Amino acid sequence: MEKIIVFYYSHKGSNKYLAGKISESLSCEIEEIKPRINIFILFLMNIHLGIKPLKHRIEDFDLVILCGPIWMGKLIPPLRCFIRKYFIRIHKLIFVTCCGSTDARKDEKFGHGLVFREVENILKDKCLICQSFPVGLVLPEDKKEDADAFMKTHLNDENFKGEIQERFDNFLTKVNKMGR
Ligand SMILES: Cc1cc2nc3c(=O)[nH]c(=O)nc-3n(C[C@H](O)[C@H](O)[C@H](O)COP(=O)(O)O)c2cc1C
């Protein structure tokens, strides 16, 4: 059975929640990625001082699941630093995001598709899959594209059901098929 670990960064909690669900469902380790300076506004300007050392030895794990948000259509500094710093020690990686962009808009300027391509480009065949969990999945039909609504919505036990739960179950099936 593969040894799996989830690493996450989250600002408002949705990716922390999602990472927790993944770790719980796969009964695997989880660790937060901690930036040396955690100032959101600086990240948006791409100003950062890297991340603190990890508690776990990444090379001991067959599969890393990396989870975090997307801002301004970019791979955010804590996640980019993580990938670059530990590239050599990562065997295989799955990238997961709870983001704002819907699947229909994934290839637009602020879509998660651009970030997925960047992750795939850096990691090449170390990257197994990229999986999105757009916040809109927990919103009613008329609010799915409403930026104001999805910015104010955070994943929790109350809203994690229906469409997002189904996507999550399919995601787990895929991960389990990849060598567990
Ligand atoms: C300043 C800012 C910029 C954002 N830009 C994007 C974006 O370009 N694309 C996207 O899909 N989501 C975008 N989002 C939405 C976040 O990815 C989404 O709210 C995510 O769930 C937040 O995760 P967290 O709760 O773990 O911090 C943005 C959110 C903020 C606050």
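Only a predicted model underlies this, so the values are computations on that prediction, with no experimental measurement involved. Numbering of ligands and ligand atoms starts at 1, following listing order.
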Legend entry - Carboxylate-amine/guanidinium proximity below 4.0 Å for Glu32 and Lys16: no
Inset, instruction - Kindly tell me which protein residues have any non-hydrogen atom under 4.0 angstrom away from an atom of ligand 1, grouped by chain and ordered by number? - result: Ser10, His11, Lys12, Gly13, Ser14, Asn15, Phe40, Pro69, Ile70, Trp71, Met72, Gly73, Cys98, Cys99, Gly100, Ser101, Phe110, Val135, Met151
Inset, instruction - Go through the structure and list residues passing side-chain contact (heavy atoms from CB on, under 4.5 Å) with Arg117, not counting sequence neighbours. - result: Asp107, Leu114, Glu120
Legend entry - Distance in Å, Tyr86 OH paired with Leu93 CG, rounded so as to fall on 0.5 Å steps: 14.0 Å
Inset, instruction - May I ask you to establish whether Lys126 and Phe87 are in a cation-pi arrangement, using a distance under 6.0 Å from NZ or CZ to the six-membered ring centre and at most 45° from the ring axis? - result: yes
Legend entry - Heavy-atom donor-acceptor pair, Asn156 side chain to Asn159 backbone, under 3.5 Å: yes
Inset, instruction - Measure up the Phe61 and His56 rings against each other and bin them: parallel (under 30°), tilted (30 to 60°), perpendicular (over 60°). - result: perpendicular
